[in-house]
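Chain letters run A, B, ... following the sequence lines, proteins first and then strands; every chain starts at 1. Side chains included, hydrogens not; waters and symmetry mates left out as well; all remaining heavy atoms used.
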Amino acid sequence: MADHRYDPKEIEPRWQQLWAQERTWEVSNEEAAKAPQTSYVLEMLPYPSGEPHIGHLKVYSVGDAVAHFHRRTGRTVLHPMGYDAFGLPAENHAIKTGQHPRESTDAAIASFQRQFREWGVSIDWSREFGTHEPRYYRWTQWIFLQLFEHGLAYRKEAAVKWCPNDATVLANEQVVDGRCERCGAEVEARQLEQWFFRITDYADRLLDDLDTIHWPEHVKTMQRNWIGRSEGAEVTFRCEELDVDYPVFTTRPDTLFGATFFVMAPEHPDVERLAAGTGQEDAVRDYVNHAMGESVEERGSADKPKTGVFLGRHVVNPVNGERLPMYVADYVLMEYGTGAIMAVPAHDERDHAFAVAHNLPVKRVIEDPEGGELPYSGDGTLTNSHPEFDGLPNREALERIVDWLDREGKGHKSINYRLRDWLVSRQRYWGCPIPIVHCDGCGMVPVPDDQLPVPLPDITDYKPKGRSPLAAAEDWVAVDCPRCGKPARRETDTMDTFVDSSWYFLRYTDAGNDGAAFAPAVANAWMPVDQYIGGVEHAILHLMYARFLTKALTDLGHLDVQEPFARLFTQGMITKDGAKMSKSRGNVVSPAALVERYGADTARAYILFIGPPDHDADWSDSGVEGMYRFLGRLWRTCAAAAEELVDAPVPDELGPDADRILRKAHWAIEKVTGDMDQRFAFNTAIAAVMELLNEVTAEKRGDADPGSVRFALMTAASLLFPFAPHVSADAYHLLTGGRVWEEPWPAAEPAFLERDTFELVAQVNGKVRDRVQAPTRASNDELVALAKGLPNIQQHVDGKDIVKEIVVPGKLVNIVVRG
RNA sequence: GCGGAUGUGGCGGAAUUGGUAGACGCGCAGGCUUCAGGUGCCUGUGUCCUUCGGGACGUGGAGGUUCGAGUCCUCUCAUCCGCACCA
């Protein structure tokens, strides 16, 4: 027997080369149009920075396994790759080093490309692009203009979140605990004119359509919470002194009779006017100034004492005509509702705290069935309100009070959302320019389609100065107005990079299209993505934005897709020694080093074997060794068998060892297929292939005939292919001369899944006392008799009354005794 | 505070529908091969007791339902994640 050594360094490049040469994983749209079944498998596109890390290896190992499985189960698969190439890290690097972000980004992309190829990921490279390439961002700009022309992109002045460190505004979604999600600096509030996308118009659809997609429940929950739909009523309170109406939003109109004061946000535009002439001007001005000076984090904490000052005015409660004093207090937010609230201290914790701090009356209007203390925010019977409503359950009263308000013209049903419009402009360099020209005469003028892309100009000073670095590129900024031809100026803000990544999956479908972002027919044919895979950290931002943009493009007639991602899988993080991998901790496992030492197959298969892919998992160096041993054993066994068992067929008459081996092979087919098809159980799928190999290895092979052994081994290689493609392709080729990826997925033969006998478990009072081989076709009575005949069962039954005999056919007999 | 997830040997995990707890792998122990091995192969491995036939205990904890519970119910503890002055 020749010396067989598993050498991934020789095997892997050989197959990679073949796949590259033959463009094995490319799929044309023409081909797909004729295919009986297609599938779009997509992993979230990487942000190219430095080198790929272990998380990338995981997401593409998962995605590639799915892509291969789909291909071999008869689907024509689109599995593309690209790069989310605009963004702050490259720009910050440029500020530090002076190196153009394009250079560092392209270097990172080259490194990602090389490694993805070394990992043997089955990517259709013909559709590759970076979002920073003009041929891509030309269409990002086109999409922006589409939204602009249909009122879905607009510019307005608003209180926005400003990161002083990155010197740019942020979307609400990018503020975490009052800090910039990128750099951690405390975020400030600023009043600025910015560009927004009208995502709030889509709040209901974004909420409702979650029911139509197969996503993990926790991701859907996060999106629901983020949209934050609240049903209630808008109720108008009138300030008679100034003759002005102030609507408020409340989810609890049933507590209207319990309102004892009224509060406005410090940012409310009327605050100063209300206080004027009341003697409260100074106190109010001081308070407002103080509140505005606070950071978002200081302002946001819920357990902070409730401060505020009297405005010197009153409003009238529309339900009972009571005069309520008006306050300004920073626990009321301008961004939510109307920036003003009615305060019901008896039934709202915050209002209660404020009332206690400012000696305001507390009036109970809902009975607490438990008789607890105030504030009480639960349900109960209405009291102290109005004869018409007192005594009603509060939920019923709520409906009737709203009806009454509506009839009187003092209010109406209303829905509020936590979701804000998406702030998309950034005062940064390395992003997609916003294709708008500001003209003194014409206002905001879209750059005509034939002048796109608006190129990102080269500059030398990347430092943020509170306005976009683009503003310094004077030659670029100064243009003639496309409408009137007079001198005008370009918009100098760039777009949030989340805009780039909100439509890339559409571009993949028609990546070479020079005349359009994508041909609607082509995109419609591939979309939605059948299986989307990525990190849960994108549960809100990216996934919400992509859903919004898909819906918007569909509404504008460019697409016919409501939801971009039919199925979503979120993979867990890989940690080392229980902690997130980081350079500062020094616990980084580098994919490049792994591949160098063990080969890509070992790295990929180990990552899938470590545990359920949606869970976090801790890296183990010795675990990798185990996977390397297994792949080596598989390859060596196949290589040896290939020499011994050339072309051996499975005989008609099987010996007992052959029968056992073939049964295991068909069991493994069934097991792996189920694990891949129903769920993402790659770990147990790989374990099943291990069991199969264990059954076949030399010592255990017995006198099984060569044909059966060969069949079992080629089945093992075939089943392992989605997880460890190179070694599987090689082993399969050695055994059969064939190409495993061109073979259909194996099908289990039912005859080999059935058994003549099974191991009957015999229990007494639910405890296992013995086991025995029993005929599969035995009747229940026969099984009971068989069990009772076992000596160890007799021992436990002797001298006791048999109360019951329970039979689970094919599994067990349980004899219940007493005494 | 609200919402969600997780908890099983020394470790990662398996048990898909209420029916044999611990598949598979790591680690560890013993052996064989080689002997230079950090290679390869075989056997054993939940804990405790044992007269070697077996027996008791065992899935974070406490109860419960059931012939039978890791799985269902109630309460509880711990860890992690998301949201959080949203009216």
* Asked: When we call it a touch if two heavy atoms are under 4.0 Å apart, what does A:E759 touch: a base, just sugar-phosphate, or nothing?
  -> base

* To do: Over 60° means perpendicular and under 30° means parallel, so classify the ring planes of A:Y6 and A:W635, tilted if in between.
  => tilted

* Would you say the side chain of A:N225 and the base of B:C83 hold a donor-acceptor pair, judged only by whether the two atoms sit under 3.5 Å apart? -> no

* With sugar-phosphate meaning primed atoms plus P, OP1 and OP2, does A:D675 contact a base, only sugar-phosphate, or nothing at under 4.0 Å between heavy atoms? -> base

* Just call it for A:Q763: base, sugar-phosphate, or nothing, with non-hydrogen atoms closer than 4.0 Å on any strand. => base

* To do: Would you classify B:G46 as syn or anti? Syn applies when the glycosidic angle is within 90° of 0.
  => anti

* Asked: Which value, in whole Å, describes the distance between the P atoms of nucleotides B:C81 and B:C11?
  -> 22 Å

* State which residues pass ring pair (Phe, Tyr, Trp, His ring centres under 6.0 Å) with A:Y336; sequence neighbours excluded, sorted by chain then number. => none

* Asked: Considering only the P atoms, how many Å lie between B:G38 and B:A23, rounded to the nearest integer?
  -> 28 Å

* Within this structure, what is the NZ-to-P distance between A:K664 and B:C24, rounded to whole angstrom? -> 8 Å

* To do: May I ask you to evaluate whether A:N683 reaches the phosphate of B:G12, defined as a side-chain N or O under 4.0 Å from OP1 or OP2?
  => no

* Asked: Considering only the P atoms, how many Å lie between B:C24 and B:A14, rounded to the nearest integer?
  -> 14 Å

* Not counting sequence neighbours, which residues clear side chain to side chain contact (heavy atoms under 4.5 Å, CB included) with A:N814? List them please. => A:Q763, A:I806, A:L812, A:V816

* To do: Have a look at B:G54 and give me syn or anti from its glycosidic angle (syn if within 90° of zero).
  => anti

* To do: Test the A:K306-A:Y331 pair against the cation-pi criterion, namely NZ or CZ under 6.0 angstrom from the six-membered ring centroid and within 45° of the ring axis.
  => yes

* Asked: Which part of the nucleic acid, if any, lies within contact of A:K220, taking any heavy atom under 4.0 Å across all strands shown: a base, the sugar-phosphate backbone alone, or nothing?
  -> nothing

* Asked: What residues form a ring pair (Phe, Tyr, Trp, His ring centres under 6.0 Å) with A:F609, not counting sequence neighbours?
  -> none

* Phosphate-side-chain proximity, A:K767 and B:C57, N/O vs OP1/OP2 below 4.0 Å -> yes

* To do: For A:A685, check side chain to side chain contact (heavy atoms under 4.5 Å, CB included) against everything at least two apart and list the hits.
  => A:V672, A:D675, A:F723

* Asked: Can you list the residues that meet the ring pair (Phe, Tyr, Trp, His ring centres under 6.0 Å) rule with A:H796, with sequence neighbours excluded?
  -> none

* Structure fact -> Pairs under 3.5 Å (Watson-Crick or G-U), crossing ones as [ ], inter-strand ones as |: RNA chain B comes out as (((((((..(((......[....)))((((((.......))))))((((....))))..(((((..]....))))))))))))....

* Asked: Is any side-chain N or O of A:R818 closer than 4.0 Å to OP1 or OP2 of B:C67?
  -> no

* Once each nucleotide of nucleotides 25-38 of chain B is scored for protein heavy atoms under 4.0 Å, what B/S/- sequence comes out, 5' to 3'? -> SSS----------B

* Identify whether any heavy atom of A:R420 sits under 4.0 Å from a base atom; if not, whether one sits that close to sugar-phosphate; answer base, sugar-phosphate or nothing. => nothing

* To do: Scan A:V344 against the nucleic acid and name what it touches under 4.0 Å (heavy atoms): base, sugar-phosphate only, or nothing.
  => nothing

* Structure fact -> From NZ of A:K580 across to C1' of B:C81 the rounded distance in Å is 12 Å

* salt bridge (charged side-chain N to carboxylate O under 4.0 Å, His left out) partners of A:K410, counting only residues at least two apart -> none

* Touch class at under 4.0 angstrom, heavy-atom based, for A:N416 against every strand present -> nothing

* Asked: Does A:Y606 have any ring pair (Phe, Tyr, Trp, His ring centres under 6.0 Å) partners at least two apart in sequence or in another chain, and if so, which?
  -> A:W619

